[in-house]
Amino acid sequence: MSVTQQQVLDTLAKVASPRGTALTDANVLSAISVADGKVFLSINVDAAEARAWESVRAQAESAVRAIPGVTTAMIALTAERKAGVGSPPPHRHAHAQGHAPGVAPVASHRPPQSPGGSPMARQAEIPGVAAVIAVASGKGGVGKSTTAINLALGLRDLGLRVGLLDADIYGPSVPRLTGIHEKPALNDDRKMIPIERFGLAIMSIGFLVEEDTAMIWRGPMVMSAITQMLRDVAWGTLDVLVVDMPPGTGDAQLTLAQNVPLKGAVIISTPQDLSLIDARRGLAMFKKVNVPVLGIVENMSYFQCPHCGTRSDIFGHGGARHEAERLGVPFLGEIPLHMSIRVTSDAGTPVVASEPDGPHAAIYRAIGAKVRDQLKDAIAAA
Ligand SMILES: Nc1ncnc2c1ncn2[C@@H]1O[C@H](COP(=O)(O)OP(=O)(O)O)[C@@H](O)[C@H]1O
Ligand SMILES: [Mg+2]
């Protein structure tokens with residue numbers, strides 16, 4: 001039985017809004033995405049009203065979930081702030097407390113805020129997850145996703161419990177990188193259970209929607225979908241959650257950097273000047289929202305011939321290292337442009353998992369070790 005938009009609308013029409021009208025007449029709904037039993041939409045309200053709307057969001061979500069044929073329903077509340085980007089929108093708060101009636105919030109054995117008044121303290125952390133880190137790039141195609149998954153695997157090899165969230169809602173590539181095409185199941189608390197693969201807990205918006213659907217999502221929905229992927233997923237206990245961010249430094253990325261409780265960011269760049277300019281923008285963005293930059297990785301740093309192993313610096317290798325030095329941020333390492341990195345990525349068997357004793361795995365592990373060292377306090381405190 002396939003669910004239609006009209007069915008969703010009819011259901012939402014029975015939910016009352018705080019404005020005294022039906023939800024569908026309150027002029028707050030985003031476009032409704034219905035595909036394959038999966039329903040996504042957002043309720044967009046002014047930040048000042050967000051609290052009053054949280055229970056409406058929860059009601060609407062349970063009503064939609066009850067439609068026969070609906071397998072997943074994500075309704076997000078997005079609050080648009082009229083002025084600037086000073087503090088996080090109150091909907092985060094409302095959401096954190098907004099569990100469905102009768103469902104106890106998951107108890108956290110961690111302090112709700114990081115000690116020492118870190119800049120991230122204003123964002124609710126994710127229960128059970130010691131450190132969330134972003135893998136970011138100023139533009140697409142520089143190998144952000146490839147690095148994110150292999151870095152996650154490198155951290156795993158260091159004995160850490162690691163998760164991977166593909167938050168690149170415009171072009172989720174984790175299904176391709178992992179070969180995962182199944183849909184996450186829901187637990188008793190109606191949280192999505194991440195898919196386990198290669199010893200990682202993995203979640204991607206690509207598991208829920210087709211890539212084409214993901215492309216048409218508007219700005220506020222991007223943020224709300226990602227917030228739900230962070231909070232409505234049963235991540236379990238993790239030392240590090242690696243987030244593959246959408247590329248670029250626009251508003252969506254800035255909001256994301258600001259709203260996700262990040263302990264740090266890893267910036268991926270190629271050695272070329274143009275990519276470095278973008279990387280610099282990325283650095284500036286994280287600085288603006290007080291997220292520490294854990295360092296820069298130079299991807300496609302030099303070409304390594306798959307046959308003879310000879311190395312050639314086709315992009316003028318070393319640019320990112322100089323840039324890191326100039327900007328005073330750590331340089332985390334150089335990854336060669338190598339056929340086997342691409343081939344394993346495309347085959348859904350990332351190189352660190354499929355060639356654990358090879359030279360590339362060693363490079364990713366070394367980068368992982370530098371990242372881990374900077375997260376030691378957060379991981380130890382957990
Ligand atoms: N170090 C590398 N060596 C060879 N191919 C790579 C390397 N890094 C990435 N690639 C390939 O480049 C393409 C883009 O990489 P991807 O990780 O999807 O980039 P992004 O996430 O930044 O868009 C993919 O086909 C990937 O397999
Ligand atoms: Mg990608």
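Atoms within each ligand, like the ligands themselves, are counted from 1 in listed order.
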Proximal protein heteroatoms (N, O or S) of the Mg ion (ligand 2), under 2.8 Å: Ser145 OG
So, Glu334 side chain and Ser301 main chain: donor-acceptor pair closer than 3.5 Å or not? no
Of all pairs that satisfy side-chain hydrogen bond (donor to acceptor under 3.5 Å, both in side chains), the ones with a partner from residues 14-26, not counting sequence neighbours: Ser17-Thr21, Arg19-Glu49
So, applying side chain to side chain donor-acceptor pair (under 3.5 Å) with Ser204, which one of Asp166, Asp168, Asp244 is it? Asp166
Decide yes or no for Ser269 and Glu323: does some side-chain heavy atom of the first lie under 4.5 Å from some side-chain heavy atom of the second? no
Acceptor/donor pairs from residues 364-382 side chains to any protein atom, 3.5 angstrom cut, sequence neighbours excluded:
residue	atom	partner	partner atom	Å
Arg365	NH1	Asp157	OD2	2.8
Arg365	NH1	Pro356	O	3.3
Arg365	NH2	Pro356	O	3.0
Gln374	NE2	Leu294	O	2.7
Gln374	NE2	Lys370	O	3.4

Can you list every pair where an N/O of ligand 1 is under 3.5 Å from an N/O on the protein?
residue	atom	partner	partner atom	Å
ligand 1	1 (N)	Asn299	OD1	2.9
ligand 1	1 (N)	Pro336	O	2.8
ligand 1	3 (N)	His338	N	3.0
ligand 1	3 (N)	His338	O	3.4
ligand 1	8 (N)	Asn299	ND2	3.0
ligand 1	17 (O)	Ser145	N	3.3
ligand 1	17 (O)	Thr146	N	2.8
ligand 1	17 (O)	Thr146	OG1	2.6
ligand 1	18 (O)	Arg176	NH2	3.4
ligand 1	19 (O)	Gly143	N	3.1
ligand 1	21 (O)	Ser145	N	2.9
ligand 1	21 (O)	Ser145	OG	2.8
ligand 1	22 (O)	Gly141	N	3.2
ligand 1	22 (O)	Val142	N	3.2
ligand 1	22 (O)	Gly143	N	3.0
ligand 1	22 (O)	Lys144	N	2.8
ligand 1	23 (O)	Gly141	N	2.8

Verify whether one side chain among Thr4 and Gln6 offers a donor that lies under 3.5 Å from an acceptor in the other. no
I'd like to know if Lys38 pairs up with Asp36 as an ion pair, taking the criterion as any Lys NZ or Arg NE/NH1/NH2 lying under 4.0 Å from an Asp or Glu carboxylate oxygen. yes
Using modelled atom types only, decide if a donor and an acceptor are shared between the side chain of Trp53 and the backbone of Pro18 within a distance under 3.5 Å. no
Phe198 and Val352, any side-chain heavy atoms less than 4.5 Å apart: no
